[in-house]
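Please read the structure below before turning to the comments.
FYI, side chains are in, hydrogens and waters are out, and symmetry mates aren't considered; it's all heavy atoms of this structure. Small disclaimer: the values here were computed from a predicted structure and weren't measured. We're numbering straight along the sequence, starting at 1.
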Amino acid sequence: MTKTLLIRNARVLVTMDGTRREIADGAVFVRGNVIEQVGPTADLPAEADEVIDARHHVVLPGLVNTHHHMFQSLTRAVPAAQDGELFNWLQNLYPIWSRLTPDMLRAATMTAMSELMLSGCTTTSDHLYLYPNGCRLEDSIEAAQRIGMRFHAARGSMSLGESQGGLPPDMLVEDEAAILKDTQRLIETWHDPSRHAMLRVVAAPCSPFSVSRDLMRESAALARHYGVSLHTHLAESKTDIDYSREQFNMTPAQYAEDCGWIGHDVWHAHCVQLDEHGIALFARSHTGVAHCPCSNMRLASGIAPVRRMLDAGVPVGLGVDGSASNDSGHMLGEARQAMLLQRVGFGPDAMTARQALELATLGGAKVLNRDDIGALAPGMSADIVMFDLRQIGFAGALHDPVAALVFCTPANVATSIINGRVVVRDGRCTTVETGLVIEEHQRHAAKIMGN
């Protein structure tokens, strides 16, 4: 018999449905892994196999992280990489990352996913683009399955080393035929195209400065043959723009179009330096953008023109980006920074708190090419998070509890449900012991630094 779950008595239930309803004393009724009913508590069933009282809580759809590099959680705050722009930062870290092992990768993924889950994230992508010492994408996939995170595993790659005019050292690049073969293997083995899927595979060459034009084009053809999404970095910094103009005599957006990297099945990370032509192209083709405000500030890459993108109709979601260029993996914190950064760059009306939350939910779902997450409505996946308003950070902010989630100190979730399963209860992960995860992670972090 299919298990039922009822969340009831919410202070406010934020649906992100077609009319963006916010329901006082709201409730959600779940059957199995799918939402069956949403509405006022009085209008929903009074009983279920499990009942969760959401009094004093804001309930909203699980947050969606559209860009991450989880292995980088091993190299947070590395002294040699604390300052400098993107290319310098990468060149300081590549030699350290070359020591990555499968055990390190699994520990890093578990740590990053625990951190995301506690921040309200229920679906995440991870862009793994280097595979030294026997590392495989399966190391990340196994961690996701253990912790219970909805996962878009991006098979990244680098094929253009320094000797061929690329940025990464030759020791970290792969043969392009091997990249395509492994991407095909992963799709055939792991990709689940069905609605409510917990695991999807993404074809994801790292960036224009680390792979060839041929790999970009062949990856697009492979992805479209199998019906999977495409992901890469684009227009992240001014040095990124300079490289594109020098190597291709094109802007990054023009290069993306030339390689077949536009469309509803494509999303690009950053796009900080996307020009007006690029914005119009992405809007017309429904090409998505993963906005990573903390990382963009950390590396002084600039302020992405998100307001202009949204006004033009570009799909935009949020990403925490790598843990070594953000040093945090808090999705609610990322929503807050997205709002604040747009205001710094484009004025106090550039983004509201609710618009920031929409980027973190519906926006991310659209960028990942999904119609089953990002909202609380009948037929949607049962990904639901609850934030307790009785924390000191919310004191005096209950005039508007929904806006308080973004304006106030970023809080951790009290309860998180992914695919109908409670994965955080009373602020603690139920699927892993986080203390042990952290302890193992610290050992690997010391080892990758040579300590």
Which heavy atom of [X] sits nearest a heavy atom of [Y], and at what distance?
X: Gly329; Y: Glu115; value: N-OE2, 3.1 Å
X: Arg195; Y: Met380; value: NH2-SD, 3.9 Å
X: Val78; Y: Ile96; value: CG1-CD1, 4.0 Å
X: Val58; Y: Pro401; value: CG2-CB, 3.8 Å

> Any ring pair (Phe, Tyr, Trp, His ring centres under 6.0 Å) pairs touching residues 220-241, not counting sequence neighbours?
Replying inline: His67-His231, His67-His233, His69-His233, His127-His231, His127-His233, His231-Trp267, His233-His270
>> Any non-hydrogen side-chain atom of Leu357 less than 4.5 Å from a side-chain atom of Met16?
In response: yes
> Does any non-hydrogen side-chain atom of Arg20 lie less than 4.5 Å from one of Thr15?
Replying inline: no
>> Which residue in the set Leu128, Leu116, Val320 passes side-chain contact (heavy atoms from CB on, under 4.5 Å) when paired with Met70?
In response: Leu116
So that I can tick it off, tell me whether [Y] and [X] are bridged by a salt bridge, with the cut-off set at under 4.0 angstrom between side-chain N and carboxylate O.
X: Arg307; Y: Asp311; value: yes
X: Asp349; Y: Arg343; value: no
X: Asp265; Y: Arg224; value: yes
X: Arg136; Y: Asp139; value: no

>> Can you confirm whether Arg428 is buried at CZ, in the sense that more than 12 heavy atoms of other residues, nucleotides or ligands lie under 6.0 Å from that atom?
In response: no
>> So, using salt bridge (charged side-chain N to carboxylate O under 4.0 Å, His left out) as the criterion, who are the partners of Arg298 when residues are at least two apart?
In response: Asp327
> Excluding sequence neighbours, so at least two apart, what forms ring pair (Phe, Tyr, Trp, His ring centres under 6.0 Å) with Phe407?
Replying inline: none
> Sequence neighbours excluded, which residues qualify as ring pair (Phe, Tyr, Trp, His ring centres under 6.0 Å) partners of Phe87?
Replying inline: Phe209
Is there a donor-acceptor contact under 3.5 Å linking the side chains of [X] and [Y]?
X: Asp321; Y: Ser295; result: yes
X: Ser114; Y: Thr111; result: no
X: Glu85; Y: Thr239; result: yes
X: Trp97; Y: Gln72; result: no
X: Ser159; Y: Glu176; result: yes
X: Asp103; Y: Thr101; result: no

Tell me which donor-acceptor pairs under 3.5 Å the side chains of residues 409-420 have, and how far apart each pair is, sequence neighbours excluded?
residue, atom, partner, partner atom, Å
Asn412, OD1, His330, NE2, 3.0
Asn419, OD1, Asn33, ND2, 3.2
Asn419, OD1, Arg150, NH2, 3.2

> Is the charged tip of Arg245 near the ring of Tyr255: under 6.0 Å from the six-membered ring centre and within 45° of its axis?
Replying inline: no
With a 3.5 Å cut-off and sequence neighbours excluded, list the donor-acceptor pairs that the side chains of residues 433-449 form with protein atoms.
residue, atom, partner, partner atom, Å
Glu433, OE2, Gly435, N, 3.2
His441, NE2, Ser73, OG, 3.0

